[in-house]
Each structure stands twice: as structure tokens, then as C-alpha cells.
J.: 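Before I ask anything, here is the structure I am working with.
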Amino acid sequence: MEVDKMDENDWKYHGEGNKSLVVSHVQFCRVLRLLKYPAEDSENPPQTAEQAFRQIQNIVDFSSNVMSSLLGEKFIHSGEVVKLPLEFVRQLSIKIQHQRPAWRCDKVMDIYSGCALCLPNLTSPALHHPTRIPPLCIEIKVANGKWKRRSLYCPLDLFSGNRQRMHFAIKHLIEEPQNNFKIFKGGQCIYSSKEGSDDSPDLNSLLHHLRPYFLYGNNRINGHMTCKAVLNDFIQVLVNALMSGGGGDGSVVTDRQGVGRSFCEASLFNKERIRHGSRGLPSDSVLFRILQTQMLDTLDIEGLYPLYRHVEQHLEDFPKERTRLQIDGPYNEAYLEKVQKCLAEDDGSVEYAAAKVHQYRVSMTAKDCSIMVGLVPSEEEDDEVLPSQLRPRDFRLPPFSYSISILDLDPKPFDSIPRQLRLDQKIVSCYLRTGGALPKGSLREREECTLLFHPM
């Protein structure tokens, strides 16, 4: 990317989260991720250009040196920090402003530092050869999220390794995607909940997009794929991709016992059905690697908070210790070693407390990540000899090549732990107030609840 020839007209609005905004190139599979600030700081940026550069470089280092080792290098795209011409950034901000959702405009794009994170555009999988129909990409935010309507999605089903439960989870993500599920076709978002809207997405429109990919699937009636069959075949392809080992030994790890609940009591999945079908995730699958990293948090926030206070008090007394304990990085091999080799029992030291805080922060990143599944339809030569009803491929799923990536791997700030404790207490209070179970039927209109991922 030639930064000295940047033209804002070559870029378009792609999306944004709480802390950053993303634009994508109109021709090449590249995106730029830029920082955001509160609107009241628009005239006086809260940090210098050097600090902004360091913030983004920390994201790259954390992803490439820490999360890549824990989750698997094959799933990670760390990207690189780039310095952009300030005039380009300012003109880009003006160009995309009208495309941003109104409820996101309480924050503004950083137009002062010129720093950005350059990444591949994973919503448009790279093609090794032209295909008749565009590739698909599915984005799944695996765990946490705010829900304005009741959802039957449970992360424990998705991570169970039981194909029926995984199918059940994805089906309900599709029915109620909110902010946890999106589908892209040729790089364009074709299915998601509109940000800030209470309306459900159009499932019929999605099925119209998916039907050409599943013309030769199972369960056809008089040569026609039913809507239910199209949806089921799509979910099955997605489950297959999530369960694939990606070239490893494909060994299966059975459900863990004694570590925690492997089934959510609030789930409406029929418990009798989990007796059938395989259980456990392949040890080199993306879900297994994410789950193992989530389970670095062995204390939960209530058990961790006293250790956080221990570290906080130590830093108040000895501020220079912040560097030695790597509270704000650097995110290097030494940091990873602290995470991986933390003592099993508390010896009362600040080093132990800091290591447990590091483990918790890494775990929270894994609980808040997104999975991108790219599906590229494999072209097969049509066999004109056999009628379509008799072709062997009628009796199996259509072939896809796939790629799997993990996004949203920013380090969680040290000082975010008190907020997480308050959130957890709020969830527990709501749980106790409702008698430990969701009422039958819909939640009250516009009532928001937070879905909490419990360790398995």
C-alpha cells in the first residue's frame, strides 16, 4: 500500500465498534482500522500521535506474540501499523461521516495521529480461481453481547462439539443475529441486524441469497430445494468448517467433567437429544483453541478482584513496578510466559497476582473475539449424461473450500476489571431477581440483557 498516493475515494465505510472504525478498499482486499475518541475530545485529542502509534502497535504485538501462540498462528492476522497522510485521513472522515449509524456518532474518528492498523479484508476471501458465484463469509461473535430480544442461542451449545447442539446454536443465531452474527457475499453484508434497529432481519432474503449455493443438496422435493433444506445445508457446512482440524491430527477431546457446567440450564435444547451424536471438539479446531484460552480464567471475576486490588495497591506504593510487571505490555515472549507458567497456588506475591490478572485479561479477549469463516464454492464440471436427480452430488453437501480466522483480539485494559466486576454483579442480581430462569415468551420490549459465557 503506497501511503503517499492515498485517495479517500478508493475507500468506503465498512463498520465500527466501540473503540475503532473500519474502512475497506474498493478494489483490493484491505481494510484500515482507525481509532475513535469521544466527540467532546474532537478538538483536543486525548493522546499524542506517538501514543496512538504505541496503542495500535500494542494491539499488533498482543495478537502476534500472545494470542497467536495460544489460538494458533494459522487463525491469526495481526496486521501492521501504518502512518497515513493527515489530509487523507481528514478527507476520509468527512466522506464516510454520513454513512455512520447515528447512535455511533457520539465518537469521532482520530484525524490527528495519522495512525491506522492495516489488515486483510476477511469478508471477501481470496480466490485462487474465478467462481460462478461469489464467496461467502460468516462472522460469529462467540460469546458476550447485549440482546434487545430474547435469544435461544447459548455459547455452550456452540462449543459443545455435539453437532446437534451446534446446529441448534447457529440456527438461533440466524433467527436472532443482533450483533453476534453476520453473513457477507462477495464482501457485501447481506444478513445482519441493522445497528440501532429493533427490527429482525429478513430471513427470506437470506434464503434467496443462499439458494444458488445449495442447488444440489439433500432433502429436495420434486427437484426443488425447500427453504428449510437450504438453511439446514448451510448450517451443516458451517458446522463442518468449525469442526475441521485444519490439517492437524483431528483427535477429539471429550466433554470435560468437574470443570463446570457443560450445559446451560436456561437452554431450550432438548436434553435427551444430547445423548446421541458425537461430543467433543477436535483439538486443532478453532473452537477448541478459543475454549482452551477462555479457560485460562480459573477464578472468575469475584475470585480475581482481590488479586487485582493487591496489584493496584502495590502500584500505588511502587509506581515504577508497572513496567516490571508488564501491566501495559510490552506484549512479548516474557508476557506470554507469565500467562502460561503462572503458579498453581497463591504464594501471596504480587508476581502471582499480576500473572492471574494477565491470564484473566487474555481469557476475556478470547471470550470477546469473533470468528470469520470464509466459504468458497468449489466449481465442478456439470455431468450432462446423468439427469440432475441422479448425480452423486445430489446426495451430499455441495463442496466448499474454507478459511477460518479470529478477529477482535485487542488486549483488555488493566483498569477494565472493576467495570467487569460491576457488570457481573448486575447480571447475578438480575438472575436472582428473575428466580434463576428466563420467563417463557419474549422479554419486555426494548429490554436489554447480557449473555454471559460460563466456563465449561
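Heavy-atom basis, side chains included; hydrogens, waters and symmetry copies ignored. Since this is a predicted model, take the numbers as computed values, not measurements.
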J.: Please check this pair: side chain of Ser160 against backbone of Asp157, looking for a donor-acceptor N/O pair closer than 3.5 Å.
T.: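 Yes, because the side chain of Ser160 sits within donor-acceptor range (under 3.5 Å) of the backbone of Asp157.
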J.: Would you name the heavy atoms of Tyr37 and Pro46 that are closest together and state the gap between them?
T.: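 Tyr37 and Pro46 have their closest heavy atoms at CD2-CG, 3.4 Å.
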J.: Name the atoms and distances for all side-chain donor-acceptor pairs under 3.5 Å in residues 302-311, with sequence neighbours left out.
T.:
from	atom 1	to	atom 2	distance (Å)
Tyr308	OH	Glu312	OE2	3.2
Arg309	NH1	Glu312	OE1	2.1

J.: For the OG atom of Ser403 and the CE atom of Met372, what is their distance to the nearest 0.5 Å?
T.: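 Answer rounded to 0.5 Å: 9.0 Å.
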J.: Can you find a heavy atom in the side chain of Asn180 that is under 4.5 Å from one in the side chain of Glu139?
T.: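 No, every pair of side-chain atoms sits at 4.5 Å or beyond.
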J.: Would you say the side chains of Asn121 and Ser24 form a donor-acceptor pair under 3.5 Å?
T.: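 No, Ser24 and Asn121 have no side-chain donor paired with an acceptor closer than 3.5 Å.
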J.: Just to verify, what does Lys412 make a salt bridge (Lys or Arg N to Asp or Glu O under 4.0 Å) with, not counting sequence neighbours?
T.: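 Partners of Lys412 by the salt bridge (Lys or Arg N to Asp or Glu O under 4.0 Å) criterion, ordered by chain and then number, come out as Asp368.
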J.: For a 4.5 angstrom cut-off between non-hydrogen side-chain atoms, does Pro201 reach Ser193?
T.: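 When only atoms from C-beta onward are counted, Ser193 and Pro201 do touch, with a gap below 4.5 Å.
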J.: Do Val376 and Phe400 come within less than 4.5 Å of each other through their side chains, counting heavy atoms only?
T.: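 Counting from C-beta outward, Val376 and Phe400 never come under 4.5 Å.
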J.: Determine all donor-acceptor pairs shorter than 3.5 Å in which one atom belongs to a side chain in residues 80-87; sequence neighbours excluded.
T.:
from	atom 1	to	atom 2	distance (Å)
Lys83	NZ	Ser113	O	3.1
Glu87	OE2	Gln91	NE2	2.9

J.: Which residues pass the salt bridge (Lys or Arg N to Asp or Glu O under 4.0 Å) test with Glu337, sequence neighbours left out?
T.: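 Partners of Glu337 by the salt bridge (Lys or Arg N to Asp or Glu O under 4.0 Å) criterion, ordered by chain and then number, come out as Lys341.
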J.: Check for a donor-acceptor pair, side chain of Arg289 on one end and backbone N or O of Leu70 on the other, with a separation under 3.5 Å.
T.: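 Indeed, once roles are kept as given, a pair shorter than 3.5 Å links the two residues.
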J.: Name all residues meeting the side chain to side chain contact (heavy atoms under 4.5 Å, CB included) criterion together with Gln359; count only those two or more places apart in sequence or in a different chain, and write none if there are none.
T.: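 Side chain to side chain contact (heavy atoms under 4.5 Å, CB included) list for Gln359, sorted by chain: Leu296, Val339, Cys342, Lys356.
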J.: Checking Lys95 side chain against Trp11 main chain: does a donor-acceptor pair fall under 3.5 Å?
T.: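 Flag set: sc Lys95 to bb Trp11 pair under 3.5 Å.
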J.: Could you grab the distance from atom OG of Ser124 to atom NE2 of His25, nearest 0.5 Å is fine?
T.: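 NE2 of His25 is found 13.0 Å from OG of Ser124.
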J.: Pairing donors with acceptors under 3.5 angstrom, does anything connect the side chains of Asn332 and Gln326?
T.: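 Side chains of Asn332 and Gln326: pair found under 3.5 Å.
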J.: Can you see which heavy atom on Leu117 is nearest to which on Gly79, and at what distance?
T.: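 What the structure gives for the nearest pair is CD1-C, 4.0 Å.
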J.: What is the ring orientation for Tyr335 with Tyr331, classed by angle as parallel under 30°, tilted 30 to 60°, or perpendicular over 60°?
T.: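 Rings of Tyr335 and Tyr331: perpendicular, over 60°.
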J.: Let me confirm one number: the CZ-CG distance from Arg361 to Asp297, rounded to the nearest 0.5 Å.
T.: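 Interatomic distance, Arg361 CZ to Asp297 CG, rounded to 0.5 Å: 13.5 Å.
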J.: Can you measure from CD (Gln313) to CG (Leu315) and round to the nearest 0.5 angstrom?
T.: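 Atom-to-atom, Gln313:CD and Leu315:CG are 9.5 Å apart.
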J.: Go through the steps to decide whether Asp408 and Lys141 satisfy the test salt bridge (Lys or Arg N to Asp or Glu O under 4.0 Å), and finish with yes or no.
T.: CA-CA 9 Å; Asp408 302 330; Lys141 199 163 187 65; 3.7 Å; yes
J.: Could you please spell out the steps behind the side chain to side chain donor-acceptor pair (under 3.5 Å) verdict for His314 and Glu321?
T.: CA-CA 8 Å; His314 182 80; Glu321 283 281 85; 3.1 Å; yes
J.: Testing the basics here: between Gln47 and Ala52, what is the closest heavy-atom pair and its distance to 0.1 Å?
T.: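 Taking every non-hydrogen atom into account, NE2-CA, 3.6 Å.
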J.: Pair Ile371, Ile290 - check side-chain contact (heavy atoms from CB on, under 4.5 Å), show working.
T.: CA-CA 10 Å; Ile371 301 173; Ile290 292 174; 3.7 Å; yes
J.: Residues in salt bridge (Lys or Arg N to Asp or Glu O under 4.0 Å) with Lys107, at least two apart?
T.: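 Not a single residue meets the salt bridge (Lys or Arg N to Asp or Glu O under 4.0 Å) criterion with Lys107.
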J.: Between Gln57 and Asp61, is any side-chain donor less than 3.5 angstrom from a side-chain acceptor?
T.: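 A pair is found: one side chain offers a donor N or O, the other an acceptor, under 3.5 Å apart.
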J.: Tell me every residue that passes side chain to side chain contact (heavy atoms under 4.5 Å, CB included) with Thr48, counting only those two or more places apart in sequence or in another chain.
T.: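 With neighbours one apart ignored, the set is Glu50, Gln51.
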J.: With a 4.5 Å limit on heavy-atom distance, are the side chains of Leu34 and Asp110 in contact?
T.: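 A side-chain contact is absent here, since even the closest heavy-atom pair is not under 4.5 Å.
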J.: If I take atom CD1 from residue Ile183 and atom CD1 from residue Ile138, how far apart are they, to the nearest 0.5 angstrom?
T.: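 If I round to the nearest 0.5 Å, the distance is 6.0 Å.
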J.: Is there side-chain contact between Asn240 and Tyr402, with at least one heavy-atom pair below 4.5 Å?
T.: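 SC-SC contact between Asn240 and Tyr402 ruled out.
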J.: I want to check something: taking the side chain as every heavy atom from C-beta on, are Val237 and Asp233 in contact at a cut-off of under 4.5 Å?
T.: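 SC-SC contact between Val237 and Asp233 ruled out.
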J.: What pairs with Glu175 under salt bridge (Lys or Arg N to Asp or Glu O under 4.0 Å), at least two apart in sequence or on another chain?
T.: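 For Glu175, the residues satisfying salt bridge (Lys or Arg N to Asp or Glu O under 4.0 Å) (neighbours in sequence not counted) are Lys171.
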J.: Look at atom CD of Glu73 and say whether more than 12 heavy atoms of other residues, nucleotides or ligands are closer to it than 6.0 Å.
T.: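 No, CD of Glu73 has 12 or fewer neighbouring heavy atoms, counting only those of other groups under 6.0 Å.
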J.: Work out which heavy atom in Ser63 is nearest to a heavy atom in Ser78; give both atom names and the distance.
T.: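 Minimum heavy-atom separation between Ser63 and Ser78: OG-OG, 3.0 Å.
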J.: Taking the side chain from Ser285 and the backbone from Pro282, do they hold a donor-acceptor pair closer than 3.5 Å?
T.: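 Indeed, once roles are kept as given, a pair shorter than 3.5 Å links the two residues.
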J.: Under 6.0 Å from the CD atom of Glu43, do we count more than 12 heavy atoms belonging to anything else shown?
T.: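 Incorrect, the count does not exceed 12.
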J.: To the nearest 0.5 angstrom, please state how far the CD atom of Gln340 sits from the CD atom of Glu333.
T.: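 Spacing of CD (Gln340) from CD (Glu333) equals 10.0 Å.
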J.: Please report the C-alpha distance between Asp410 and Arg33 in whole Å, then the side-chain angles of each, then the deciding distance to 0.1 Å, and finally whether the salt bridge (Lys or Arg N to Asp or Glu O under 4.0 Å) criterion is met.
T.: CA-CA 12 Å; Asp410 296 15; Arg33 178 180 165 189; 2.3 Å; yes
J.: Quick one: are Leu409 and Val66 in side-chain contact, heavy atoms under 4.5 Å?
T.: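 When only atoms from C-beta onward are counted, Val66 and Leu409 do not touch, as no gap falls below 4.5 Å.
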J.: Excluding sequence neighbours, so at least two apart, what forms side chain to side chain donor-acceptor pair (under 3.5 Å) with Glu8?
T.: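 For Glu8, no residue satisfies side chain to side chain donor-acceptor pair (under 3.5 Å) once neighbours in sequence are set aside.
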J.: With His77, which residues qualify under ring-ring contact (aromatic ring centres under 6.0 Å, His included), at least two apart?
T.: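 For His77, no residue satisfies ring-ring contact (aromatic ring centres under 6.0 Å, His included) once neighbours in sequence are set aside.
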J.: Does the side-chain contact (heavy atoms from CB on, under 4.5 Å) test come out yes or no for Tyr352 and Glu345, once each step is laid out?
T.: CA-CA 9 Å; Tyr352 171 84; Glu345 296 185 11; 6.0 Å; no
J.: Parallel, tilted or perpendicular, judged at 30° and 60°: which one describes the rings of His172 and Phe168?
T.: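 Perpendicular: the ring planes of His172 and Phe168 meet at over 60°.
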J.: Of the non-hydrogen atoms in Tyr153 and Ala169, which two are nearest, and what is the gap between them?
T.: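 Shortest heavy-atom separation between Tyr153 and Ala169 comes out as CD1-O, 3.6 Å.
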J.: Given Leu92, which of Asp10, Val23, Asp7 fulfils the side-chain contact (heavy atoms from CB on, under 4.5 Å) condition?
T.: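 Running side-chain contact (heavy atoms from CB on, under 4.5 Å) over Asp10, Val23, Asp7 with Leu92 returns exactly one hit, Val23.
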J.: Go through the steps to decide whether Tyr360 and Ile417 satisfy the test side-chain contact (heavy atoms from CB on, under 4.5 Å), and finish with yes or no.
T.: CA-CA 9 Å; Tyr360 176 81; Ile417 290 176; 4.1 Å; yes
J.: Using side chain to side chain contact (heavy atoms under 4.5 Å, CB included) as the criterion, list what pairs up with Arg100, not counting sequence neighbours.
T.: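 Checked Arg100 against side chain to side chain contact (heavy atoms under 4.5 Å, CB included); matches are Tyr13, Glu16, Leu21, Lys36, Gln97, Arg104, Cys105.
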J.: For a 4.5 angstrom cut-off between non-hydrogen side-chain atoms, does His358 reach Val362?
T.: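 Answer no - side chains too far apart.
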J.: Considering all heavy atoms of both residues, which atom of Leu281 and which atom of Gly161 are nearest to each other, and what is their separation?
T.: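 Taking every non-hydrogen atom into account, CD2-CA, 3.6 Å.
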J.: Using the test side chain to side chain contact (heavy atoms under 4.5 Å, CB included), find all partners of Lys185 that sit at least two apart in sequence or belong to another chain.
T.: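 Testing Lys185 for side chain to side chain contact (heavy atoms under 4.5 Å, CB included), a comparison that skips the adjacent residues, returns Pro134, Leu136, Ile190, His209, Tyr213.
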